[in-house]
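These figures come from a predicted structure and were not determined experimentally. Residue numbering restarts at 1 for every chain, and letters A, B, ... go by the order of the sequence lines.
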Number of protein chains: 2
Amino acid sequence: MTVPPTAGLVPVTVDIVALTVLNGELNVLLVRRLLEPFAGDLALPGGFVLPNETLPAAALRELDEETGIVPPGHLEQLRTYGPLDRDPRGPILSVAHLLLAPADRIPQAGGDATEAGWHPVSTLGALAFDHATILNDAIERARNKIEYSPLAATMCPAEFTIAELRAVYEAVWGQNVDPRNFHRKITGTPGFVTSTGKRGGGGTGRPAELFRVADGISPHDAVLYPPLLRRSM
Amino acid sequence: MTVPPTAGLVPVTVDIVALTVLNGELNVLLVRRLLEPFAGDLALPGGFVLPNETLPAAALRELDEETGIVPPGHLEQLRTYGPLDRDPRGPILSVAHLLLAPADRIPQAGGDATEAGWHPVSTLGALAFDHATILNDAIERARNKIEYSPLAATMCPAEFTIAELRAVYEAVWGQNVDPRNFHRKITGTPGFVTSTGKRGGGGTGRPAELFRVADGISPHDAVLYPPLLRRSM
DNA sequence: ACAAAAGTGTTCCTCATACACCCATGT
DNA sequence: ACATGGGTGTATGAGGAACACTTTTGT
C-alpha cells in the first residue's frame, strides 16, 4: 500500500528562532529576504526541507546557509504552523525551531538572504509571513524553559560568571533578579554549574568565579527541582 | 514567485493522543488498523490532512471518523514527527495532537479502523509506526501541563467533586496526593473551580460538594500561580 | 454504632525574599 | 580612600507536607 492519492502533499519549510543575549538584551537572528514574497523584509531564517532530510538537519542547514551560524547551542522543535493563511504562495507548513545560542558568533548573510544579524526583540517592526507570531511563541517558550532547565547556560560562553548567567535570565524574563539570592540558588542547585577554579577579571570590582555547566549534564533534558520561578506579573 | 521545484512535497498526517481517566487509570484512545501498513495493529487515530484543511480541523475530523469521539475536551498540538524513518511507505510527516477529554463518551469504530476503544496506558503492547514514542511524549506533556494549568478539569465531567479531580491528578502523575491538602490547594486557587452549591451523593461517606471550572476561565491559557507541583521522583 | 469519605485546623519545615554586611579588585 | 561588583549571613514570611480532628452520610 502506498500513500493514497487523496493525501495532501504539502510543501514543508523550517524556520529558526535563534535567541541570544547581547548587551543585556534579548536578541533574535533575522535575515532580510532576497526573494518574493516579502522581498526586502526582515524574516526568520528558514527554507524548504529537502528530500531525505530530517527536520533538525534542515533547520541547521538553512541556518548555516543564510546566516553562517553553526551551533553549539540548544536546538529544539517549537511547533508547526499552517498550512492555511500564512503564505501568499498557498498552503505551506512551517515547522518552527528554537535555538538558544551564545552571542559570540558573527552572522554572515548568504543564500536567499541579503542581510543577517542580531536584532533586539524590543524594537522590532513587522516581520514577513507569520514570523512575529512564531517569535512570540518562541520567546514564551524560552521564558518558561529556563525556569526548570539549565538551558540559560547555553546562551553563555563555555565559561561564564554567575553575573553573566543572571544577565541571561534578566534579559529573557525582562525583569530584574536579586544578585545575592540568584547566586545562592544557582550554586546551590545540584547539577547546574560547577566551578572551574578560575576567575574572570576585566571589569571593576572583585573578580568573579568562572563556572561551566556541570559534568554529565545534557542541558537538553536535565531538570531543575525545585524550579527557578520568576515572579508572577 | 511560487514554491520552488526543489521544495520537498511531503505527505502530512495528523495523529491524536486522546487521554482520559477511567477507573482511576490513565487511558488512551486507540484504533485497530484496517489497512496496511501495520494492518491489525493498534495505533493512534489519525490520517492524512486534506487540501484546504487546518491541522486542528484534520485532527478533529479523523478523530470523529475513526472513533466517533467529538470533543468537548482540550485539543492542542503536541509536536511534529518525521519525515524520515517512521513510515514504511516513505517520508511522511505527522503532526501529533493531544486531546484531554472526559471519559463519558463511548468510542465507535469507523473509517479505516476496525476497533476503537480506551486502553490503560500501563498495559500496552507495541503500537504501529512510532506511536509509542508519540504516546510517551503526550503523557509527559500532560503530566507537566496539569501542574500549572487547570486542564485536569477537562478530563472530568462538567460537574465534578474535588475527589474526582484528584483522581485525575493521581492517574496522570501515577502518584498519590494527600486529599486534605489537595482540597485546600484547589479550592484556594483563584480561578480554578467554583462551587455549584449542589452535592454529589452516591458512594458511602459524606457527600462531596460539586464544582465546575470557574467562570470566564479558558482552560487553554489560564495559568495557576503558584503551580501545583508534583513531588520530585 | 461503625465505617468511610469530606472537609478544617494546626504544626512543622523548606525555601523565597529582602537586605545587612564583608571581600577583592580598579582607579 | 573610595567605588564597584562578588559573595555570605541571617531574619522574615509564604506556602507545602503531614496529620489530628470534626462533619456527614450509608449500612
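Distance B:Lys198 NZ to D:dT24 P: 21 Å, rounded to the nearest Å. Atom-to-atom, CG of B:Asn176 to P of D:dA18 comes out at 12 Å; the value is rounded to the nearest Å. Distance CD1 (B:Ile186) to P (C:dA6): 14 Å, rounded to an integer number of Å. What separates CD of B:Glu209 from P of D:dT23 is a distance of 17 Å, to the nearest Å. Counting to the nearest Å, the P atom of C:dA6 and the CZ atom of B:Phe182 are 12 Å from each other.
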N/O to N/O distances under 3.5 Å, protein versus nucleotides 15-18 of chain C:
residue	atom	partner	partner atom	Å
C:dA16	OP1	A:Lys185	NZ	2.8
C:dA18	N7	A:Asn181	OD1	3.4
C:dA18	N7	A:Asn181	ND2	2.8
C:dA18	N6	A:Asn181	OD1	3.0
C:dA18	N6	A:Arg184	NH2	3.2

Which atom pairs, donor and acceptor, lie under 3.5 Å between side-chain atoms of residues 199-214 of chain A and protein residues at least two apart or in another chain?
residue	atom	partner	partner atom	Å
A:Arg199	NH1	A:Pro207	O	2.7
A:Glu209	OE2	A:Ser195	OG	2.5
A:Arg212	NH1	A:Thr194	OG1	3.4
A:Arg212	NH1	A:Asp215	OD1	3.1

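Along DNA chain D, the nucleotide closest to B:Arg199 and the one closest to A:Ile162 are compared, and the more 5′ of them pairs with A:Ile162.
Within a 6.0 Å radius of CG in B:Asp85, other residues, nucleotides and ligands contribute 12 heavy atoms or fewer.
Residue B:Leu63 holds its CG atom at 8.5 Å from CG of B:Leu75, rounded to the nearest 0.5 Å.
The two residues B:Asp15 and B:Ser94 come nearest to each other via the heavy atoms OD2-OG, 2.6 Å.
Side-chain N/O atoms of B:Asp137 and B:Tyr81 include a donor and acceptor closer than 3.5 Å.
Nearest to the side chain of B:Arg206, among D:dG6, D:dT8, D:dT24, sits D:dT24. Checked against C:dA4, D:dG7, D:dT24, the side chain of B:Thr204 finds its nearest nucleotide in C:dA4.
Within the structure, a side-chain polar atom (N or O) of A:His183 is placed less than 4.0 Å from OP1 or OP2 of D:dT8.
Using the six-membered ring where Trp is involved, B:Phe129 and B:His131 have ring planes that are tilted, between 30° and 60° apart.
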